[in-house]
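Single-structure report; data block below.
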Number of protein chains: 2
Amino acid sequence: MLDGHKRKRRFRDPGRTRERLLQAAFREVHRSGFRSAGIDTILAATNVTKGALYYHFDSKEALGYAIVEEIIAKLVRDGWLRPLLSDGQPIDILIGIVRRIPARPEDIRAGCPLLNLAQEMSPLDEQFRKRLERIFLSWQEGVATLLRKGQSQGTVRRNLNPDEAASFLIAMVEGYGSLAKNAQDAKVWEVGIRNIVEWLRSLRAPRQSRRGGRRATNRVQGKG
Amino acid sequence: MLDGHKRKRRFRDPGRTRERLLQAAFREVHRSGFRSAGIDTILAATNVTKGALYYHFDSKEALGYAIVEEIIAKLVRDGWLRPLLSDGQPIDILIGIVRRIPARPEDIRAGCPLLNLAQEMSPLDEQFRKRLERIFLSWQEGVATLLRKGQSQGTVRRNLNPDEAASFLIAMVEGYGSLAKNAQDAKVWEVGIRNIVEWLRSLRAPRQSRRGGRRATNRVQGKG
DNA sequence: TCTAACATACAGACAAGTATGTATGTTAAT
DNA sequence: ATTAACATACATACTTGTCTGTATGTTAGA
């Protein structure tokens, strides 16, 4: 135990202070948006003072960029990119991921942190935009790669463009997220998930072209 | 010409002043978001003074509500609800509407005014939320009604839920709009429209169940 | 028709609060 | 003992909204 990571809960633990500031800032930004997020609110939530915050972050913008790169990027990695590498059929993996998206009332109300920041800041701040776009691209690329894998395995239709299908999926997830957020109603989200899942099923290759036989509960492409 | 509506372009024209304020406020809110929209910016854009603005609107919130009810609601009426009543096959009508959504660079950059306000204000201000929800509901209801008409005419698949399909369409439109806004790239939007149109085509009833014969350019449901 | 009385539609300075960021002092750790 | 890691007080800018004043329009009465 060479590093003093938590050997006694020291008075000064700059790494921890920084992390607590980041987490509190993320929550505040998630609730109020970046521009309306108050520095004082973050300080009150952490019992950290302004001097300490501005010691760790040069400005409010720098704090915002850190939220994107360290917290939101991690959410996408943990919620999507890593699960995308699971074992199993690509479509099943995607359905599992989509179904596991958090849907507690507070998540619905506040909306997707990534989309919220993108909506608010992308037209106003190119630095924000670039960082957010990187995350969107990694998300899309991850899904597209899995779909390509499914195509080469024969479980995903070959007549679809993996990049566009990935983008389609992301647009739907974020679109339904927005509708549910505005309705402030988790049911809107649940219905959305059902329809996204149905669409994902429609991406399966028809039975005869598959290698492993699989019972065809494949519903029609439209909607139930 | 009993009313003095425009008999000489008077110095005082309260109706026009109010309308100019509304339009300028809409543009400023569209660009900057509601909370970051500056009253002074609106005043500078219109050469109207603060006293005049607060004569016509009780508060900044009241101005925001008026933007929703008078401007954004009208955009949805003109861009969707009225066109939905056109002659022709429902799916064709929807495709036409979707294709006619403005896609100039400035529209892409700023994003959909309805979604922007909903994203920003719905979790924070119930009065905003309710007004915006009314618009979303009228939008969804209009699309659903047209789909039902198509079902009874036999041009739209009967195994779909019109309300959910309408919601699906709206989620896609707004989702792609968000992605394009974040990418600041009209191409993202164009690709989105292509995919939305393909999905809309997949809602057509199969040929044999239709009344009027129509050449079947119906592509597969997935993606090109 | 002329005018007194009043209402409407503004103008512009100012108040009050809130925001971020800085300057400087203090304490803990190496 | 030096410096990193804070604490505190304050400067500065910007926000919405109010307040008083004024010019114009409208109406009622003689």
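This one's a predicted model, so the numbers in the text were calculated from it and none came from an experiment. In what follows, every chain begins at residue 1, and chains take the letters A, B, ... in the order their sequences are listed.
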Query raised in the report: Does B:His56 place a side-chain N or O at less than 4.0 Å from the phosphate oxygens OP1/OP2 of C:dC10?
Result: yes
Query raised in the report: Can you check whether B:Glu198 reaches A:Glu164 side chain to side chain, under 4.5 Å on heavy atoms?
Result: no
Query raised in the report: According to the salt bridge (charged side-chain N to carboxylate O under 4.0 Å, His left out) rule, which pairs have a member within residues 48-67 of chain B, sequence neighbours left out?
Result: B:Asp40-B:Lys50
Query - Rounded distance (nearest 0.5 Å) linking atom CD of A:Gln140 with atom CD of A:Glu133 - result: 10.0 Å
Report task. Return the value, rounded to whole Å, for the distance between atom CD of A:Glu61 and atom P of C:dA19. Result -> 15 Å
Query raised in the report: Do the two ring centres, one from B:Phe168 and one from B:Trp199, sit under 6.0 Å apart?
Result: yes
Query raised in the report: What does A:Ala37 touch in the nucleic acid at a heavy-atom separation under 4.0 angstrom: a base, only the sugar-phosphate, or nothing?
Result: sugar-phosphate
Report task. Go through the structure and list residues passing side chain to side chain contact (heavy atoms under 4.5 Å, CB included) with A:Arg77, not counting sequence neighbours. Result -> A:Ala73, A:Lys74, A:Leu81
Query - Whole angstrom value for the distance that separates C1' of C:dA19 from CG of A:Asp40 - result: 8 Å
Query raised in the report: Can A:Glu106 and A:Arg109 be counted as an ion pair, charged N to O under 4.0 angstrom?
Result: no
Query raised in the report: Expressed in angstrom and rounded to an integer, what is the separation of B:Phe57 atom CZ from C:dC10 atom P?
Result: 11 Å
Query raised in the report: Within this structure, what is the NZ-to-C1' distance between A:Lys60 and C:dT22, rounded to whole angstrom?
Result: 17 Å
Report task. Considering just the side-chain nitrogens and oxygens of B:Thr17, establish if one lies under 4.0 Å of OP1 or OP2 belonging to C:dC10. Result -> yes
Report summary line: Atom CZ of A:Arg18 and atom P of D:dA4 are separated, to the nearest Å, by 17 Å
Between the protein and nucleotides 12-16 of chain C, list every N/O to N/O distance that falls short of 3.5 Å.
{"unit_1": "C:dG12", "atom_1": "O6", "unit_2": "B:Gly51", "atom_2": "N", "d": "3.4"}

Query raised in the report: Does a side chain donor of either A:Ser178 or B:Gln119 reach within less than 3.5 Å of an acceptor in the other side chain?
Result: yes
Report summary line: To the nearest angstrom, the OH-C1' distance between A:Tyr55 and C:dT24 comes to 16 Å
Requested in this report: Indicate whether OP1 or OP2 belonging to C:dG21 is found under 4.0 Å from a side-chain N or O atom of A:Tyr54.
Outcome: yes
Query raised in the report: How close or far is atom C1' of C:dG21 from atom CD1 of A:Ile42, stated in whole angstroms?
Result: 14 Å
Query raised in the report: Whole-Å distance between C:dC10 C1' and B:Arg20 CZ?
Result: 12 Å
